[in-house]
Amino acid sequence: MSDATETADLREDFVREMVRKDLRDGTYSRVQTRFPPEPNGYLHIGHAKAITLDFDLASEFDGTCNLRFDDTNPDTEDTAFVDGIIEDLTWLGFTPSGDPLYASDYFEQLYAWAESMIERGLAYVDDQDAETISAQRGGYGQPGIESPFRTRSSDENLDLFRRMRAGEFGEGTRVLRAKIDMQHENMQLRDPVMYRIRHEHHHRTGDRWHIYPTYDWAHGQSDAIEGVTHSLCTLEFDSHRALYDWYLEQLPLPHERPRQTEFARLELTHTVTSKRRLAGLVADGVVDGWDDPRMPTLRGLRRRGYPAAAIREFCSYIGVARTNSRHQIELLESFVRTHLNRVAPRRMAVLDPIRLVITNWPEGLVDHVEVVNNPEDPADGTRMVPFSGELFIERDDFMLDPPPKYFRLTPGREVRLRAAYFVTCTHADTDADGQPITVFATYDPATRGGNAPDGRKVKSTMHWVSAAHAVDGRAMLYDRLFSAEVPGDRTGDPLDDLNPRSRQVLDNCRFEPALADCPHGEVVQFERLGYFAHDTREPQLFHRTVGLRDEWARIAGRT
RNA sequence: UGGGGUGUGGUGUAAUUGGCAACACAGCAGAUUCUGGUUCUGUUAUUCAGGGUUCAAGUCCUUGCACCCCAACCA
């Protein structure tokens, strides 16, 4: 479509370059990727980057991408998360090749391979506890110590391992370890644990198993079983790659050996993207839930009104590299604005109302003015909006004593009420503190529709609603959940950087009548205010997705 | 402390692989506008540091520095 899209398609990141080379030199004859979430939480914006990479890469090379739940740890996993992840992935707009797959479906194969490792003297049962094993692993630059159980016979190992499976031993009493090299400079290769004992209920295999494979023992093999060629993961797994390869080299694989490639995870300013931290925010009641509009989860962003397409465009735009970096949340927001500007219908809503009385308006008259739905999309047509002598306007659209460059309503000044009439402010009633309560103005009947026949101009056009026809409702204005660009940068704890005003609730909003028919979940633009998403449940509750660029706020902020 | 990874405007990402450092966001200035929105135009600002090879270095060599990851029976 546009030049930008074409350049984006031509852009070569290091992953695509690698895949192209693999195909050219015959290392692989096809491309298969996978997205492998652990079902212990919901998907967030960081996952969206990985998802976009995995799925786009596959489709660009006519390959496939499957969804695999990495459910090797029964402690924290749950089917609710499985369903939620599928739902979020679907919403984002990606369809896995085939049904969802589960690492737990490979437990039997993994077990058989483990026995074969034992038989070949490549794995042993260690009776030591976690602390001891950790201490013996040594440190960076420090030698490791071999476990006294490292030299057990295959027969004894096999017997013990089978009894571990049968559930004869308590949690933490024994593990199965790979016998590699306790002096290896890469800590991951100092006899890593392959199996641990857990008498925990697993969300899919129930109580059948008492031992569970670790990530390292399960992941590469799962890739291999499924026929994955390019296994993409984030940078922190870099040092695991040697182990990934080592395990695969020891086993008879049904397909060509997959290869792991790491890329930098997505970090955003003012945002945390760690399932642990997000789960903490939910558990501590800092937010209302995983779908709180302030959450960077896919369901939070959806409820907030972020279009899936904008998230996808953002993810492919930022590309993939190996540099640890933190993108400004403003960039994401600009994608959201650009998208919404094209598609969001415009509506008039007064969030903080003040009464405007037109003193020369004919008693009891109700006019209906025609308003354009979206100036960016003429096909969206127009609508009729009722206008009368008693209106609501935005409180900060009027000032008794305005600063320089204030273009809005003030005594003596004429402004345009959008698509209706020019009005000139005469005066205002104030309370004991001098705060305006009601604003009075006169209108010019000749300006109906919003233009003066004599060609005179006004500096400002304002939105309004007719008091008698307005629909009451609420709006929630969101600001960053964390005020610091890097939450936790100062103290180590992101909670120290929580923004106490991340949500502002406005209970006294007045909406134009058309908003009564707004479908739940739909995003509209409240003219001059921003984009707002109609809540999925509560009628007439609108969440501010993102504000408009606001030059007046910048000007006012400087003084 | 050993190993691995990464350094390009304020931020992030590119640079035909040794050939004029560009794109977006943010900023600033102006124009247009029935949204202080949109759109348009202009503009500010960049190769971590030192040394070397070369007609030519962001790219190659070398020395240093900074940051990130790894010593879970998490993923």
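Chain letters run A, B, ... following the sequence lines, proteins first, then strands; residues in each count from 1.
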Practice problem: State which of B:U38, B:C25, B:G36 makes the closest approach to the side chain of A:K405. | Solution: B:G36

Quiz item: Using 4.0 Å as the upper bound for N to carboxylate O, is an ion pair formed by A:R68 and A:E226?
Solution: yes

Quiz item: Going by a 90° cut-off around 0, is B:U16 syn or anti?
Solution: anti

Quiz prompt | Nucleotide of B:U13, B:G37, B:A75 approaching A:E376 most closely (side-chain heavy atoms) | solution = B:G37

Practice problem: Please confirm whether any donor atom in the side chain of A:R408 sits under 3.5 Å from an acceptor in the base of B:G36, or the reverse. | Solution: yes

Quiz item: According to a strict under-4.0 Å criterion, is A:R137 in side-chain N/O contact with OP1 or OP2 of B:C73?
Solution: yes

Quiz item: At under 4.0 Å between heavy atoms, what does A:E171 touch on the DNA or RNA strands: base, sugar-phosphate, or nothing?
Solution: nothing

Exercise. Please work out if A:D75 contacts a base, only the sugar-phosphate, or nothing of the nucleic acid, heavy-atom cut-off 4.0 Å.
Key: nothing

Quiz item: So what does A:L235 hit on the nucleic acid, given a heavy-atom distance under 4.0 Å: a base, only sugar-phosphate, or nothing?
Solution: nothing

Quiz prompt | Touch class at under 4.0 angstrom, heavy-atom based, for A:R416 against every strand present | solution = base

Exercise. Using the C1' atoms only, state how far B:A22 lies from B:C65, rounded to an integer number of Å.
Key: 28 Å

Quiz item: Between B:A71, B:C25, B:U35, which one does the side chain of A:Y140 approach most closely?
Solution: B:A71

Quiz item: Choosing from B:G10, B:G5, B:C73, which nucleotide comes nearest the side chain of A:A130?
Solution: B:C73

Exercise. Have a look at A:Q188 and say if it touches a base, only the backbone sugar-phosphate, or nothing, with a 4.0 Å heavy-atom cut-off.
Key: sugar-phosphate

Quiz item: Is the shortest side-chain N to carboxylate O distance from A:E330 to A:R480 below 4.0 Å?
Solution: yes

Quiz item: Would you say the side chain of A:Q328 and the base of B:G10 hold a donor-acceptor pair, judged only by whether the two atoms sit under 3.5 Å apart?
Solution: yes

Exercise. Report yes if at least one side-chain N or O of A:S134 is closer than 4.0 Å to OP1 or OP2 of B:A71; otherwise report no.
Key: no

Quiz item: Where the side chain of A:N341 is concerned, which of B:U35, B:A75, B:U38 is the nearest nucleotide?
Solution: B:U38

Quiz prompt | ring centroid sep under 5.5 Å plus plane angle under 30, A:F407 with B:G36 | solution = yes

Self-check item: Pairwise C1' distance for B:C74 and B:U63, with rounding to whole Å
Solution: 40 Å

Practice problem: Give A:E267 one of three labels, base, sugar-phosphate or nothing, depending on what nucleic acid heavy atoms sit under 4.0 Å from its own. | Solution: nothing

Quiz item: Between B:U44 and B:A49, how far is it from one C1' atom to the other, in whole Å?
Solution: 26 Å

Quiz item: Do the side chain of A:Q183 and the main chain of A:G144 share a donor and acceptor less than 3.5 angstrom apart?
Solution: yes

Self-check item: Atom-pair distance (OH on A:Y317; P on B:A22), nearest Å
Solution: 15 Å

Quiz item: Does any N or O donor sit under 3.5 Å from an N or O acceptor when you compare the side chain of A:H240 with the base of B:A75?
Solution: yes

Self-check item: Any A:R276 side-chain N or O less than 4.0 Å from OP1/OP2 of B:A75
Solution: no

Exercise. Could you tell me whether A:Y406 contacts a base, only the sugar-phosphate backbone, or nothing, with contacts defined as non-hydrogen atoms closer than 4.0 Å?
Key: base

Self-check item: Test: A:D550 and A:R554 ion pair at under 4.0 Å
Solution: no

Quiz item: Quick one: is A:S325 getting a side-chain N or O under 4.0 Å of the B:U13 phosphate, OP1 or OP2?
Solution: yes

Quiz item: Would you say a side-chain N or O of A:R346 is under 4.0 Å from OP1 or OP2 of B:U35?
Solution: no

Self-check item: Syn or anti for B:A72 (syn when the glycosidic angle lies within 90° of 0)
Solution: syn

Quiz item: Is any NZ, NE, NH1 or NH2 atom of the basic residue among A:R326 and A:D489 found under 4.0 Å from an Asp or Glu carboxylate oxygen of the other?
Solution: no

Practice problem: Report yes if at least one side-chain N or O of A:R241 is closer than 4.0 Å to OP1 or OP2 of B:C70; otherwise report no. | Solution: no

Quiz item: Out of B:U35, B:C73, B:C25, which nucleotide sits closest to the side chain of A:E527?
Solution: B:U35

Quiz item: Has A:Y215 got its ring stacked on B:C74, by the test of a centre gap below 5.5 Å and a plane angle below 30°?
Solution: no

Exercise. Select from A:A553 and A:E17 the residue whose nearest nucleotide in RNA chain B is closer to the 5' end of that strand.
Key: A:E17

Practice problem: Report the distance from atom CD1 of A:I85 to atom CD of A:E38, rounding to the nearest 0.5 Å. | Solution: 9.0 Å

Exercise. Looking at every strand, decide which applies to A:N186 at a 4.0 Å heavy-atom threshold: base, sugar-phosphate, or nothing.
Key: nothing

Self-check item: Salt-bridge criterion met for A:E376 and A:R337 (N-O under 4.0 Å)
Solution: no

Practice problem: Indicate, with a heavy-atom threshold strictly under 4.0 Å, whether A:E394 touches base, sugar-phosphate, or nothing. | Solution: nothing

Quiz item: Less than 4.0 Å between a side-chain N and a carboxylate O, is that true for A:R312 and A:D56?
Solution: no

Quiz item: What does A:P37 touch in the nucleic acid at a heavy-atom separation under 4.0 angstrom: a base, only the sugar-phosphate, or nothing?
Solution: nothing

Exercise. Respond yes when some side-chain nitrogen or oxygen of A:R322 is under 4.0 Å from OP1 or OP2 of B:U6, and no when none is.
Key: yes

Quiz item: P atom, B:C67 versus B:A29: distance in rounded Å?
Solution: 37 Å

Quiz item: Contact class for A:E185 vs. all strands (heavy atom < 4.0 Å): base, sugar-phosphate, or nothing?
Solution: base

Quiz item: Nearest of B:G37, B:G12, B:U13 to any side-chain atom of A:L548?
Solution: B:G37

Self-check item: Protein-nucleotide distance (A:I197, atom CD1; B:C73, atom C1'), rounded to Å
Solution: 9 Å

Practice problem: May I ask you to evaluate whether A:R342 reaches the phosphate of B:G37, defined as a side-chain N or O under 4.0 Å from OP1 or OP2? | Solution: no

Quiz item: Roughly how far apart, to the nearest Å, are B:U11 and B:U54 at atom C1'?
Solution: 34 Å

Practice problem: Taking all heavy atoms of A:S460 and all of A:R408, pick out the closest pair and write down the distance. | Solution: OG-CG, 3.7 Å

Self-check item: Reported CE-to-CZ distance for the pair A:M194 and A:F161, which is rounded to 0.5 angstrom
Solution: 7.0 Å

Quiz item: Should the ring pair A:F237 and A:H240 be called parallel, tilted or perpendicular, given that the plane angle runs from 0 to 90° and is split at 30 and 60?
Solution: perpendicular

Quiz item: Heavy atoms under 4.0 Å, any strand shown: does A:N40 hit a base, just sugar-phosphate, or nothing?
Solution: nothing

Quiz item: Think A:R528 has a side-chain N or O under 4.0 angstrom from the OP1 or OP2 of B:G36?
Solution: yes

Self-check item: Inter-nucleotide C1' distance (B:A56, B:C23), Å rounded
Solution: 25 Å

Exercise. For RNA chain B, just give me the dot-bracket, please: Watson-Crick or G-U, both distances below 3.5 Å, ( ) intra-strand, [ ] crossing earlier pairs, | paired with another strand, . unpaired.
Key: .((((((..((((.....[..)))).(((((.......)))))....(((((..]....))))))))))).....

Exercise. Give me the one residue out of A:V343, A:V523, A:V336 that meets side chain to side chain contact (heavy atoms under 4.5 Å, CB included) with A:P307.
Key: A:V336

Quiz item: Looking across every strand, which nucleic acid part, if any, lies under 4.0 Å from A:T72 by heavy atom: base, sugar-phosphate, or nothing?
Solution: sugar-phosphate

Practice problem: Answer with base, sugar-phosphate or nothing: what part of the nucleic acid does A:F237 contact at a heavy-atom distance below 4.0 Å? | Solution: base

Quiz item: Given B:U6, B:G27, B:C74, which nucleotide is nearest the side-chain atoms of A:T323?
Solution: B:U6

Practice problem: Return the nearest nucleotide to the side chain of A:E551; candidates are B:G37, B:C73, B:C74. | Solution: B:G37

